[in-house]
Amino acid sequence: MGDVLAGFHAAWEFESDSVLIRYERGIRTPKLFQALGERRVPLEAIAGVTLTRGKRGTVVLRVEPRPGADPLMEAAAGQLKDSGDPYRLVLPAEREVLAEYYADELRALLTESGPAERFLVEPPKGPLSFKAYDGKASFDGRTVNFRWFWTGASSAKWKAGDQSFSVGELNGVEWRSPEVFEGHLRLLRRDAGESAAQADQDPAAVVFGLGYGPVHESLPFAAAVLAAVRVSSPVAAVSAAGPRRDPADIAERIRHLGELHQAGLVTDEEFSLKKAELLAEL
């Protein structure tokens with residue numbers, strides 16, 4: 001089609017085989033969008049297109065990526081807020097008819113559905129790094145390095161020492177958003193089984209905190225590692241979701257969460273949300 005549809009924070013260029021999304025740079029643009037810069041989404045990576053009413057006189061055009069097509073969305077595992085969804089284009093309501101036209105044109109070009117057998121959208125480019133609460137994580141495309149901070153790392157991590165992991169020894173990545181309680185990035189190792197250790201005690205994980213490991217830094221990092229793991233071993237089970245936990249460990253974490261709640265360190269909403277997340281891991 002070759003046309004461009006500009007909305008808030010992004011512009012979509014519709015091409016014969018893809019949608020090129022260019023994100024704006026500016027103080028009002030979500031930092032994740034700025035970090036991504038632009039993304040080319042092949043039509044074969046798109047399962048569908050929706051157009052819905054948004055807030056405060058807007059409409060939202062969204063392409064729905066196929067499961068397994070985009071390493072960024074696989075790493076996010078449904079944790080992104082609507083405002084941080086890179087597949088949403090928000091437009092003024094008066095452009096609804098135009099948006100509907102492009103939605104119909106795009107739908108007519110789609111031929112694929114269901115899970116993708118490989119990543120079809122390019123991962124964020126490396127090298128990448130970010131500061132977590134307990135250490136610095138870096139990735140050069142082949143190796144993930146964790147360098148612990150003496151001000152934040154646990155004694156277990158100091159005892160284990162700084163860590164290096166080649167993508168060949170990894171099975172995937174677990175990213176828990178820094179915007180929720182116990183946010184972290186954990187590397188899932190092939191030979192380690194399912195770790196029941198909390199992230200602050202696991203040498204294969206870094207933990208987030210206020211100002212540490214923000215979404216726009218840690219999520220592209222997780223996606224890049226995930227994509228490299230898939231290339232290293234296409235048949236490996238790559239999972240961005242958390243592993244199943246031991247019931248006793250879940251009970252202990254809920255008890256600790258309750259203590260934080262009673263002490264006023266966790267709000268009612270945070271307590272309910274995190275408790276539900278923990279119970280879902282059983």
Shortest non-hydrogen pair, Val206 vs Ala132, comes out as CB-CB, 3.6 Å
Starting from Val49, can I reach Leu43 by hopping between I/L/V/M/F/W/Y residues whose side chains sit under 4.5 Å apart? yes
Tightest non-hydrogen contact, residues Ile46 and Gly48, listed as CG2-O, 3.4 Å
**Message:** Hydrophobic clustering (ILVMFWY, side-chain heavy atoms < 4.5 Å, transitive) - are Val41 and Val60 grouped together?
**Reply:** no
message: Between Ser129 (side chain only) and Ser138 (backbone N and O only), is there a donor and an acceptor less than 3.5 Å apart?
response: no
- Query: Under 3.5 Å, is there a donor-acceptor pair between the Tyr87 and Asp70 side chains?
  - Reply: yes
Checklist line | salt_bridge(Glu100, Arg107) N-O dist < 4.0 Å | finding: yes
CG (Leu219) and NE2 (His216) are apart, to the nearest 0.5 Å, by 11.0 Å
Q: Kindly assign one of parallel, tilted or perpendicular to the pair Phe14 and Trp12, based on the angle between their ring planes and the thresholds 30° and 60°.
A: perpendicular
Would you please test Thr58 and Phe8 for side-chain contact (heavy atoms from CB on, under 4.5 Å) and show each step? CA-CA 10 Å; Thr58 63; Phe8 300 114; 4.0 Å; yes
| query | Between Pro71 and Arg230, is any pair of side-chain heavy atoms under 4.5 Å apart? | reply | no
> Any donor-acceptor pair under 3.5 Å linking the side chain of Gln79 with the backbone of Ser177?
Replying inline: yes
What one should report as the nearest heavy-atom pair of Ala197 and Asp202 is CB-CB, 4.3 Å
**Prompt:** Is the backbone of Val207 close enough, under 3.5 Å, to the side chain of Asp134 for a donor and an acceptor to pair up by distance?
**Reply:** yes
Interatomic distance, NE2@His9 vs CZ@Arg25, rounded to 0.5 Å, equals 14.5 Å
For Arg66 and Ala45, indicate whether the former's side chain and the latter's backbone hold a donor-acceptor pair under 3.5 Å.
no
- Task: May I ask you to decide if Ala228's main-chain N or O and Ser232's side chain share a donor-acceptor pair within less than 3.5 Å?
- Result: no
**Request:** Tell me whether Val225 is reachable from Val215 by hopping between hydrophobic residues (I, L, V, M, F, W, Y) whose side-chain heavy atoms are closer than 4.5 Å.
**Result:** yes
Between Phe208 and Tyr133, is the ring centre distance below 6.0 Å?
-> no
Give the C-alpha distance, both sets of side-chain angles, the deciding distance and a yes or no for side-chain contact (heavy atoms from CB on, under 4.5 Å) between Arg95 and Val59. CA-CA 8 Å; Arg95 308 193 72 184; Val59 293; 5.6 Å; no
Only one of Arg176, Gln198, Glu174 passes side chain to side chain donor-acceptor pair (under 3.5 Å) with His184, and that residue is Glu174
Rounded to the nearest 0.5 angstrom, the CG-CG distance for Leu5 and Leu91 is 5.0 Å
Hey, quick one: are Leu120 and Leu226 part of the same hydrophobic cluster, counting side-chain heavy atoms closer than 4.5 Å, chains of contacts allowed? no
Heavy-atom closest pair (Ser218 atom, Gly213 atom, distance to 0.1 Å) is OG-O, 3.0 Å
Q. Considering residues, nucleotides and ligands other than Tyr212, do more than 12 of their heavy atoms fall under 6.0 Å from its OH?
A. no
Heavy-atom nearest pair, Gly168 first then Arg190, reads O-NE, 2.9 Å
Item to complete: Please examine the side chains of Leu36 and Leu72, heavy atoms only from C-beta on, and report whether any two atoms are closer than 4.5 Å.
Response: yes
To the nearest 0.5 Å, atom CG of Leu185 lies from atom CH2 of Trp175 at 9.5 Å
Would you check if the side chain of Tyr23 reaches a backbone N or O of Pro86 as a donor-acceptor pair within less than 3.5 Å? yes
| message | Hydrophobic cluster membership, with links at side-chain heavy-atom distances under 4.5 Å among I/L/V/M/F/W/Y: are Val4 and Leu61 in one? | response | no
> In terms of side-chain geometry, is the basic nitrogen of Glu15 or Arg40 positioned less than 4.0 Å from the acidic oxygen of its partner?
Replying inline: yes
>> So does Gly26 get a backbone contact from the side chain of Gln34, meaning a donor-acceptor N/O pair under 3.5 Å?
In response: yes
To the nearest 0.5 Å, atom CD of Glu112 lies from atom CD of Glu44 at 6.5 Å
Q. Under the 3.5 angstrom rule, does the side chain of Lys157 hit a backbone N or O of Phe149 as a donor-acceptor pair?
A. no
Notebook entry, point to check: Is the side chain of Asp162 donor-acceptor paired with the backbone N or O of Trp148 at a distance under 3.5 Å, no angle test?
Noted result: yes
Below 4.5 Å, heavy atoms only, C-beta onward: do Glu38 and Leu20 meet side chain to side chain?
-> yes
Report task. Verify whether one side chain among Asn145 and Ser164 offers a donor that lies under 3.5 Å from an acceptor in the other. Result -> yes
Does a salt bridge link Glu179 with Lys81, judged by any charged N lying under 4.0 Å from a carboxylate O? yes
* Please confirm whether the backbone N or O of Arg62 pairs with a side-chain atom of Glu64, one donor and one acceptor, at under 3.5 Å? => no
query = Between Arg53 and Glu96, does at least one N-O distance fall below 4.0 Å, as a salt bridge requires?
reply = yes
Q.
Test side-chain contact (heavy atoms from CB on, under 4.5 Å) on Arg189 and Phe165; report intermediate values, then the result.
A. CA-CA 9 Å; Arg189 294 169 288 178; Phe165 306 88; 3.7 Å; yes
Output for pair (Ile21 CD1, Arg88 CZ), nearest 0.5 Å, gives 12.5 Å
For Pro124 and Ala224, the nearest pair of non-hydrogen atoms, with its separation, is O-CB, 3.8 Å
